[in-house]
Every structure is written in C-alpha cells, then in structure tokens.
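Take a look at the structure set out below.
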Amino acid sequence: MKALVLKEYRQFALEDFPVPAIQADEVLVRVRACGICGSDVHGMDGSSGRRIPPIVMGHEAAGVIAEIGGEVTSWKKGDRVTFDSTVSCGACWYCRRGEINLCDNRRVLGVSCGEYRRHGAFAEFVAVPQRILYRLPDNLSFEQAAMVEAVSVAVHAVERTPLTLNSSVAVIGTGMIGLLVVQVLRARGCGKIIAIDLDEGKLQLAKRFGATDTILSSAADLQEKIRTLTSGRGADAAFEVVGLPATVKIAIDSVRKGGSVTLVGNLKPQVELPLQAVVTRELTLIGTCASAGEYPACLDLIASGKVNVTEFISATPPLAEGAQWFERLYSGEKGLMKVLLKP
Ligand SMILES: [Zn+2]
Ligand SMILES: [Zn+2]
C-alpha cells in the first residue's frame with residue numbers, strides 16, 4: 001500500500017509500505033479521509049518528541065472495513081466507520097470505569113514516542129481494534145466523520161462542566177475547537193454564549209455559530225462588558241480554549257462567585273494562577289482531555305446539522321500532496337483550518 005511516511009523530521013515520502021497485519025480482535029480499515037492534527041504539525045519537527053521517525057502519522061480518520069479478524073463479530077467488510085484517535089486497552093482500572101481517555105496503557109494512532117510506535121492513517125490501510133470502532137450514520141460523509149475527534153473534544157469539555165438550562169457562558173479563544181464549543185453550548189441550551197477572542201474575524205464566525213455576544217479580548221472594559229451581559233454577576237461558566245497566562249486570567253475573572261472554569265487549551269505547560277480569586281470566590285477549575293465515549297453522540301450531532309464541521313475543512317487534497325500541505329500548516333498559513341488527506 002501507499003503511505004505518507006515521516007522519514008526524518010520535516011521530511012516526508014509517499015512510499016510503498018506493508019499493509020498492517022491485523023490481530024484476531026482487529027479490523028483493517030481502508031482509509032477514505034484523515035485529518036492533519038495540530039499535534040502532527042507540532043510533532044513533525046521533533047519538538048514534541050512524539051513523532052520519532054520513521055512513522056506514519058494520522059489519527060483523525062474514517063473509512064470502510066476491508067478485512068476483519070477471526071474474533072470480530074459485530075462488524076463486517078464494507079461497514080463505514082470511524083474510530084477513537086486513541087487505542088485504549090479496555091482492561092485497566094480506568095477503562096473498566098469507562099474513562100477510556102485516562103487509560104493507563106493508551107496509545108495514540110500515528111505516534112512514536114520512545115515507549116511505542118503505532119502507525120496511523122496517512123496510508124491506504126490502518127489496523128484498529130474493534131472496541132474503538134464507531135458506525136457512521138448513512139448521511140455522514142467520510143470528510144465530516146474525520147472531524148469527529150475535534151467535535152468530541154468540545155462535547156467532552158461541555159459534558160464535564162456544570163451547566164443548566166439557560167446558563168451564561170464565556171468562551172475564551174474561538175479557533176476551531178472554541179467554535180465547536182460554542183456550537184455544542186448552543187445545542188446544550190445555554191442562554192448567553194459570550195465569545196472572546198483577539199481576532200474580529202473569528203468573533204464573526206462565533207456569532208454565526210451561535211454566540212449571542214462577542215467581545216474583543218483587547219477591550220479595556222472587557223470584564224465590565226461581561227458583567228453587563230450577566231446581570232452584574234459574571235458568567236456561570238467559562239471555557240478557556242487557548243492555554244496562555246493571559247487567557248486563563250480572563251477566564252477566571254469572567255465567572256461569577258461559585259462559577260466554574262473549564263480548561264481545554266494548554267499551549268503553555270504552566271501558567272500563573274490568581275489563587276486568591278479562585279479560593280475566595282469559590283471557583284471550580286476543571287481539566288478536560290480528549291473524550292470518553294462521546295463519539296456516537298458527536299456523529300449524530302454532525303449528521304443532524306446541530307454541529308457544523310464543513311466550514312472548518314479548508315482542503316481535501318490527495319495523500320500524495322501531504323508533504324506540501326504539512327509545510328503550509330507548519331508555516332502557519334493564515335485562514336487554513338483543517339486539511340483532510342485522501343489516500
Ligand atoms: Zn488530533
Ligand atoms: Zn485502559
């Protein structure tokens with residue numbers, strides 16, 4: 001089969017690669033679309049230490065089952081599927097509680113980090129265990145399905161946050177994940193959804209996707225504006241979808257006493273915390289990572305149009321053009337969001 005192989009840091013080759021052998025509980029998926037993730041782009045130069053060459057990257061994919069292992073019973077050839085980006089073990093303490101994102105033995109597809117090397121889906125075929133497969137609704141395209149991981153990050157973050165009907169919420173950072181959070185909050189029945197970003201263009205997108213109000217993060221009276229929109233109290237909850245000291249502070253300042261701040265972004269490994277504000281105002285800080293079983297709900301949300309992912313797909317080039325698209329994303333080309341490669 002053909003695969004896009006990271007040969008050296010920042011150096012790709014489309015080459016013949018052995019079709020992965022499947023275990024008894026695995027299926028072979030013929031990949032139809034696979035998204036380039038930010039973690040792939042950051043990983044390709046060696047800075048993350050999680051894409052040690054040679055490696056076939058790619059963990060945001062959808063396709064058709066081409067072959068099934070001897071113990072696979074609920075899936076057959078021809079089924080249209082997507083799968084978790086992470087292979088959870090299914091047996092550890094966390095997996096048995098359903099917290100598969102916290103699995104002790106989790107291995108991300110398309111990652112090599114010294115501990116393990118698991119080839120991913122920038123290839124014609126990928127092998128995945130049946131326990132991480134999900135069936136695609138008939139009206140969902142492979143391209144839409146390849147976006148499910150991003151949607152699941154947003155849905156998991158919203159699910160971990162204490163919200164009630166008509167809650168007021170601030171979303172700090174409206175890149176792709178932030179815009180998905182806005183859409184999911186709208187579906188969740190929030191009242192005020194206040195989008196905050198430093199880019200006016202992104203705020204306009206946020207408005208289209210369901211934000212009731214938008215504020216530039218550079219506004220001198222940012223906190224006053226939020227209070228005005230929330231009966232003088234502050235928002236019930238805030239989502240921090242950037243991960244920098246300044247935006248974490250905005251999130252903490254924007255909630256009411258007793259409110260919660262859900263931390264999604266993590267650009268910086270450490271930030272300074274306004275400790276007294278958190279303690280004396282009795283705030284709840286919530287970490288959230290990946291997802292744990294939300295894929296079926298996410299696929300339905302996309303299929304029903306409640307969450308729009310199509311607008312985030314910037315291009316769907318063939319796998320053979322992968323190297324140049326990686327370079328474009330790496331250089332931070334403005335306006336590029338999700339690129340899906342098609343083997
Ligand atoms: Zn990803
Ligand atoms: Zn596990």
Side-chain angles (χ1 to χ4, degrees), residues 4 6 23 25-26 29 31 33-45 47-51 55-63 82-113 115-116 118-123 126 128-134 142-157 173 175-181 241 243 264-267 288-295 298-299 302 307 309 312-314 316 322 325-326 329-330 336-341:
L4 183 70
L6 183 71
Q23 312 286 317
D25 68 340
E26 290 186 336
V29 176
V31 181
C34 181
I36 300 180
C37 179
S39 63
D40 296 326
V41 177
H42 296 307
M44 71 185 257
D45 68 358
S47 55
S48 73
R50 291 181 54 81
R51 301 292 190 279
I55 179 75
V56 177
M57 302 195 284
H59 58 262
E60 303 177 355
T82 184
F83 39 84
D84 280 320
S85 53
T86 303
V87 181
S88 46
C89 76
C92 74
W93 190 82
Y94 293 100
C95 280
R96 294 179 68 169
R97 286 159 59 93
E99 296 170 345
I100 57 173
N101 57 331
L102 305 180
C103 170
D104 280 331
N105 310 302
R106 73 196 287 261
R107 294 185 161 198
V108 182
L109 284 166
V111 164
S112 57
C113 58
E115 254 171 75
Y116 66 87
R118 176 126 196 174
H119 291 302
F122 290 133
V126 63
V128 292
Q130 60 174 344
R131 66 179 174 276
I132 67 167
L133 287 173
Y134 303 93
F142 295 118
E143 289 82 0
Q144 287 173 308
M147 301 293 290
V148 71
E149 191 212 31
V151 176
S152 75
V153 168
V155 168
H156 188 66
M176 186 178 74
I177 299 291
L179 290 170
L180 288 167
V181 168
V241 203
V264 187
N266 58 109
L267 276 177
T288 176
C289 181
S291 65
E294 286 95 345
Y295 268 39
C298 296
L299 292 167
I302 303 171
V307 171
V309 294
F312 303 126
I313 303 173
S314 304
T316 58
W325 283 96
F326 261 99
L329 288 163
Y330 189 79
L336 266 192
M337 286 217 206
K338 185 59 79 180
V339 174
L340 303 174
L341 299 180

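Just so we're clear, the structure is a prediction, and the values are computed from it rather than from any experiment. In each ligand, atom 1 is the first atom listed, and ligand 1 is the first ligand listed. This chain uses plain numbering: 1 for the first residue, then up along the sequence.
Taking the Zn ion (ligand 2) as the corner point, the angle from Cys103 atom SG to Cys95 atom SG is about 100° (rounded to 10 degrees). At the Zn ion (ligand 2), the vertex angle linking SG of Cys89 with SG of Cys92 is 110° (nearest 10 degrees).
Of all non-hydrogen atoms in Cys95 and Cys89, the two that sit nearest each other are SG-N, 3.8 Å.
Among the atoms of Glu60, an N, O or S atom falls under 2.8 Å from the Zn ion (ligand 1).
In this structure a side-chain-to-backbone donor-acceptor pair under 3.5 Å is missing from Lys338 to Ser314.
Summarising the geometry, atom CG belonging to Asp40 is positioned 5.0 Å from atom CZ belonging to Phe122; distances are rounded to the nearest 0.5 Å.
A donor atom on one side chain and an acceptor atom on the other are found under 3.5 Å apart for Ser85 and Glu149. Counted by atom type alone, Tyr134 and Asp84 present one or more donor-acceptor pairs between their side chains at under 3.5 Å.
Residue-level check: among N/O/S atoms of His59, NE2 sits closest to the Zn ion (ligand 1). Counting just the N/O/S atoms of Glu149, the one with the shortest distance to the Zn ion (ligand 1) is named OE1.
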